[in-house]
Amino acid sequence: MENPFAIDVSDVASWFGISDKTAREWLLEWTEGSLIHPVLAGSGSRVRSYALAEEWIAACFKIRESVSENSGS
């Protein structure tokens, strides 16, 4: 199953209207800040995508749960 929290360079470039080079720089900064982590492809040496760090996935679900409880849904 594909990770719904995975993004790649083209996603970031498209979302923010920036170049692939800038997207790679941002992804590196986000990795260094522990927001995301690289997903290794194939033999494990090439990074093709990045996934949201587990702690942020948990935070997203916690927020979603809180919103659902407060909205009566």
Sequence neighbours excluded, which residues qualify as side-chain contact (heavy atoms from CB on, under 4.5 Å) partners of S14? none

When the side chains of residues 52-62 are checked against the rest of the protein, which donor-acceptor pairs come out under 3.5 Å, sequence neighbours left out?
{"unit_1": "W56", "atom_1": "NE1", "unit_2": "S34", "atom_2": "O", "d": "3.4"}

Could you pull out every donor-acceptor pair under 3.5 Å between side chains of residues 5-13 and any protein atom, sequence neighbours left out?
{"unit_1": "D8", "atom_1": "OD1", "unit_2": "S10", "atom_2": "N", "d": "3.1"}
{"unit_1": "D8", "atom_1": "OD1", "unit_2": "S10", "atom_2": "OG", "d": "2.7"}
{"unit_1": "D8", "atom_1": "OD1", "unit_2": "D11", "atom_2": "N", "d": "2.9"}
{"unit_1": "D11", "atom_1": "OD2", "unit_2": "D8", "atom_2": "N", "d": "3.0"}

Can you tell me which residue pairs pass the salt bridge (Lys or Arg N to Asp or Glu O under 4.0 Å) test with a partner in residues 13-25, sequence neighbours excluded? K21-E25

Given V47 and V39, is the side chain to side chain contact (heavy atoms under 4.5 Å, CB included) satisfied, shown in steps? CA-CA 6 Å; V47 176; V39 176; 5.9 Å; no

Does F16 share a hydrophobic cluster with L28, counting links as ILVMFWY side-chain heavy atoms below 4.5 Å and allowing steps through other members? no

Considering all heavy atoms of both residues, which atom of P38 and which atom of T31 are nearest to each other, and what is their separation? CD-CG2, 3.9 Å

Could you work out, with side chain to side chain donor-acceptor pair (under 3.5 Å) as the rule, every residue matching S19, not counting sequence neighbours? T22

